[in-house]
Amino acid sequence: MPMRAKDESPGHTGAEAADPTAVTDIPGGDRRSSANEASGDRSGAGVRDGGLPRRESASVRRSSGPLPTAKSARRYWTMIIVLSVASAGIALGILAWDNPMPITDPGFWLIAELRLTNLVVIAMVALCQSFGTVAFQTVTNNRIITPSIMGFESLYVAIQTSAMYFFGVTAIVELKGLVPFVVQLVLMVGLSLALYGWLLSGRHSSVALMLLIGVVIGGGLGSVATFMQRTLTPSEFDVLSARLFGSISNSDSSYLPVSIPLCVLACLGLYLCSSRLNVMALGRDMTSNLGLNYKGELLKVLFFVSILMAVSVSMIGPMVFLGFLVAMLAYQFADTYDHKRLFPMAALLGFVVLGGAYFVMKNIFYAEGFVSIIIEIGGGGAFLLVILRKGRL
């Protein structure tokens, strides 16, 4: 007599169907769990099909979030804590190293207050470079290039060299006030926005075309600046070189009332765009398919990036590889796509790298804070490493 299917048997009630662990009686004495039948037990199927039973591996709990496993979450927060402690140690070292007064003496804090300006500048430049580079690499879908490709450093060099060439050494001194600083910021941001608006507002707008034109403009400005530098006297060239070298000593406390609000607002704007940046990392077509205005979001992100880079370059001078080094380390240590977690990691790394380089150059080599020496060596080596690995991080 043919055996009827389980769902046709009269003894199969609704209560048994609702209970996945219920045991079903099958003629012939074979008793199996209905849950195993419903899920198609792999080991049992392997035996029935003539195969060997497979050993089930220990399951790892995963989720679809930015930190999919408990191990990745522990790794991320461990790195955040380690970098926070390192940042606090570097900040304390900058304030207290070689301070002749004991920490309980009021004179200690008077000396520390004089050093506080440099500490604020380091924190602000670290924020500008980290947030700006990570966001720029996301919207360009390239982890090798940096905002420097748009010619911010070349424009800064051209402005400083032109002032020296046309007005002499006194112009360099006069360019250290708040008004020249604001004019330089407006000029940098205005030219970058004009470039973005022109190249990204057309019918056939392209990020690649924008980057290529930025390289050409940067190269042209660099060539003009080099020509003017060759006509300077040795004393003028020496004074100019000090300004063109990335150094914390180039900053001025009078810049802070303008630069700090700009830095905070731009970083906050990028952080609030973290979810949109996660989508934009998928590419232009996918972003448009998901209902996001790609061109509008791109212009907004580039506007914030231009503000951050203009503030950073105007404060301490050109520093080509700082942003690349910080972003590369952030991708490695954070190991996530979520910009809400990438930005804090990159900011802490930027402070540790820049603050550590400043501490070493100022207190060990007595180089007056010329941090670009260590940054360019370390960042250039990391860049070559990434290139030799065919651009894969």
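Keep in mind that what you see is a predicted model, and the values were worked out from it rather than measured.
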| task | Please step through side-chain contact (heavy atoms from CB on, under 4.5 Å) for the pair Tyr156 and Leu244, ending with a clear verdict. | result | CA-CA 8 Å; Tyr156 173 83; Leu244 301 183; 4.3 Å; yes

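- No donor-acceptor pair under 3.5 Å is formed between the side chain of Ser162 and the backbone N or O of Ile159.
- Closest approach of Ala266 to Leu308, counting heavy atoms only: CB-CD2, 3.5 Å.
- Looking at heavy atoms from C-beta onward, Met319 lies in side-chain contact with Leu354 at the 4.5 angstrom threshold.
- Panel note: side chain Ser72, backbone Thr69; a donor-acceptor pair is recorded below 3.5 Å.
- A donor atom on one side chain and an acceptor atom on the other are found under 3.5 Å apart for Asn118 and Tyr358.
- Contact annotation: the side chain of Met188 never approaches that of Met309 to less than 4.5 Å [non-hydrogen atoms, C-beta and beyond].
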Distance-only donor-acceptor hits, side chain of residues 213-222, under 3.5 Å, sequence neighbours excluded:
none

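- A side-chain donor-acceptor contact under 3.5 Å links Asn278 to the backbone of His339.
- Side-chain polar atoms of Tyr165 and Glu236 form no donor-acceptor pair below 3.5 angstrom.
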| query | What's the verdict on side-chain contact (heavy atoms from CB on, under 4.5 Å) for Thr146 and Gln129, showing C-alpha distance, side-chain angles and the deciding distance? | reply | CA-CA 9 Å; Thr146 64; Gln129 292 283 344; over 6 Å; no

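- The shortest distance between side-chain heavy atoms of Leu290 and Leu292 does not fall below 4.5 Å.
- Distance OG/Ser312 to CE/Met124: 8.5 Å, rounded to 0.5 Å.
- Taken to the nearest 0.5 Å, the CG atom of Leu272 stands 8.0 Å off from the CZ atom of Phe304.
- Judged by distance alone, the side chain of Arg115 and the main-chain N or O of Trp97 form a donor-acceptor pair under 3.5 Å.
- The same ILVMFWY cluster, assembled from side-chain heavy atoms under 4.5 Å apart, contains both Val258 and Val264.
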| request: Report the C-alpha distance between Ile94 and Leu116 in whole Å, list the side-chain angles of each, state the deciding distance to 0.1 Å, and finish with yes or no for side-chain contact (heavy atoms from CB on, under 4.5 Å). | output: CA-CA 9 Å; Ile94 293 174; Leu116 187 61; over 6 Å; no

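- For the pair Leu95 and Leu119, the minimum side-chain heavy-atom distance is below 4.5 Å.
- Of the possible polar contacts, one joining the Glu376 side chain to the Val320 backbone as a donor-acceptor pair under 3.5 Å is found.
- Within the 3.5 Å criterion, the main-chain N or O of Ser130 finds no donor-acceptor partner in the side chain of Thr133.
- Judged by distance alone, with hydrogens and angles left aside, the side-chain atoms of Tyr76 form a donor-acceptor pair with the main-chain N or O of Arg341 at under 3.5 Å.
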| Given the rule in the side-chain contact (heavy atoms from CB on, under 4.5 Å) test, do Met286 and Val279 qualify, once you have shown the distances and angles that lead to the verdict? | CA-CA 8 Å; Met286 186 64 70; Val279 178; 6.0 Å; no

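- Between the side chain of Asn363 and the backbone N or O of Phe359, at least one donor-acceptor pair lies under 3.5 Å.
- For the pair Ser314 and Tyr255, the minimum side-chain heavy-atom distance is 4.5 Å or more.
- Ser84 and Leu348 get closest at one heavy-atom pair: OG-CD1, 3.7 Å.
- Taking the six-membered ring where the residue is Trp, Phe131 and Phe343 present parallel rings, their angle staying beneath 30° rather than reaching 60°.
- Considering only heavy atoms from C-beta on, Phe321 stays 4.5 Å or farther from Ser148 through its side chain.
- Val301 is not listed as a side-chain neighbour of Thr138, based on a closest heavy-atom distance of 4.5 Å or more.
- Across all non-hydrogen atoms, the minimal contact from Gln160 to Gln184 is NE2-OE1, 3.2 Å.
- A 4.5 Å side-chain heavy-atom check between Phe303 and Leu193 finds at least one atom pair inside the cut-off.
- To the nearest 0.5 Å, the span separating CG on Leu277 from NZ on Lys340 amounts to 11.0 Å.
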